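Heads up, the thing below is written out as structure tokens.
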Number of protein chains: 2
Amino acid sequence: MDDVFKALADESRRSLLDRLHARNGQTLNDLCDGLDMSRQAVTKHLAILETANLIATLKHGREKLHYLNPVPIHEIGERWIKKFDRAKLVALGELKRQLEKRDE
Amino acid sequence: MDDVFKALADESRRSLLDRLHARNGQTLNDLCDGLDMSRQAVTKHLAILETANLIATLKHGREKLHYLNPVPIHEIGERWIKKFDRAKLVALGELKRQLEKRDE
DNA sequence: TTGACATGCAACCATTTGGTTGCCTATTAT
DNA sequence: ATAATAGGCAACCAAATGGTTGCATGTCAA
């Protein structure tokens, strides 16, 4: 799971996932289009996403097709984010009131 | 939002959030307890979490109390993870079938 | 008021990260 | 057959990251 969080920490990688979400099965060159970085940089990002199991690839001739795997993202939602959903932000005023009590 | 993703990318920081989730309003020293790193390292992690608005702090005498703010985590769930929830992992067999079609 | 305690600040360090360039290999099209 | 196309590999680099240590400051208690 750490792999997934680390992979998601980079904006370029999140935008690659967005692109695949918009259109699945793109080649490396497709994914490079319009991006302000070298093909090799993109390759590295894709490798990190693949290691985190966020994308799966399939060779087809000289092309490599990239497919989004939404499962790990879903699991982060289920196993991590949901835990915090019940917690509510205690207003600062409320906090202060509690603190006053502590002193009595 | 990038701040939040980056803050969550580190296991130590996620576990600090977990600790606050278990018991809110802990001091720096509380949070250091049992952790295998210096107080200053923890301070830095907490600063990053605070910048990402994941925790709020309140000075109380010589102590600094740390409170979890679950809102940004919730927002990542709503604004980012939900988007991918509808996407389904296309089985590899399915993918291959699609590829065969491409060639015709 | 003086010592202990809770925290802050700054300099420093090794490793990781995100990027580059140059060249190599494999597949396709002419 | 040959050139163009798609991608892979490796070396290198600067900056960010996660950690350390040493010292300073502010607050509480004896």
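The analysis underlying the following values was restricted to heavy atoms, covering all of them including side chains, and did not include hydrogens, waters or symmetry mates. So that the names make sense, note that chain A is the first sequence line, chain B the second, and so on, each numbered from 1. Computed from a prediction, not measured in an experiment: that's the story for all the values here.
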Next item on the list: Figure out the CG/P separation between B:L49 and D:dT17, and round it to whole Å.
Entry: 14 Å

Notebook entry, point to check: Rounding to a whole Å, what distance do you find between B:E63:CD and D:dT27:P?
Noted result: 13 Å

Next item on the list: Mind calculating the distance between NZ (B:K59) and P (D:dG26) to the nearest angstrom?
Entry: 9 Å

Next item on the list: Test A:K6 against every option in A:D3, A:D10, A:D2 by the side chain to side chain donor-acceptor pair (under 3.5 Å) rule and name the one that passes.
Entry: A:D2

Check: About how many Å separate CD of A:E11 and NE2 of A:H45, when rounded to the nearest 0.5 Å?
Finding: 10.5 Å

Next item on the list: Using only side-chain N and O atoms of A:K44, determine if any of them is under 4.0 Å from OP1 or OP2 of C:dT20.
Entry: no

Next item on the list: Determine, for B:D18 against B:R14, whether the closest basic-nitrogen to carboxylate-oxygen distance falls under 4.0 angstrom.
Entry: no

Next item on the list: Would you name the heavy atoms of A:W80 and A:F84 that are closest together and state the gap between them?
Entry: O-CD1, 3.3 Å

Notebook entry, point to check: Given atom NZ of B:K64 and atom P of D:dG26, what is their separation to the nearest angstrom?
Noted result: 15 Å

Check: Looking at D:dT5, does its base get a donor-acceptor pair with the side chain of A:R62 below 3.5 Å?
Finding: yes

Next item on the list: Using whole Å, report how far CG of A:D36 lies from P of C:dG18.
Entry: 16 Å

Check: Does the D:dG7 base have a donor-acceptor partner in the side chain of A:Q40 within less than 3.5 Å?
Finding: no

Note to self: Please compare B:R13 and B:G61 by the position of their nearest nucleotide in DNA chain D and report the one closer to 5'.
What the structure shows: B:R13

Check: What about B:R39, does its side chain sit under 3.5 Å from the base of C:dG8 through a donor-acceptor pair?
Finding: yes

Next item on the list: Would you tell me if any nitrogen or oxygen in the side chain of A:N29 comes within less than 4.0 Å of OP1 or OP2 on D:dG7?
Entry: yes

Margin query: Tell me the interatomic distance from A:E11, atom CD, to C:dG19, atom C1', rounded to whole angstroms.
Written below: 16 Å

Check: To the nearest angstrom, how far is B:D30 atom CG from C:dA6 atom P?
Finding: 9 Å

Next item on the list: Round to the nearest Å and state the distance from A:L28 atom CG to C:dA26 atom C1'.
Entry: 15 Å

Next item on the list: Would you indicate whether the side-chain heavy atoms of A:E75 and A:M1 approach each other to under 4.5 Å?
Entry: no

Check: Between A:S38 and C:dT20, is there a side-chain N or O to OP1/OP2 distance below 4.0 Å?
Finding: yes

Item checked: Selection from C:dT20, C:dT17, D:dG8 that lies nearest to any side-chain heavy atom of A:K6 -> C:dT17

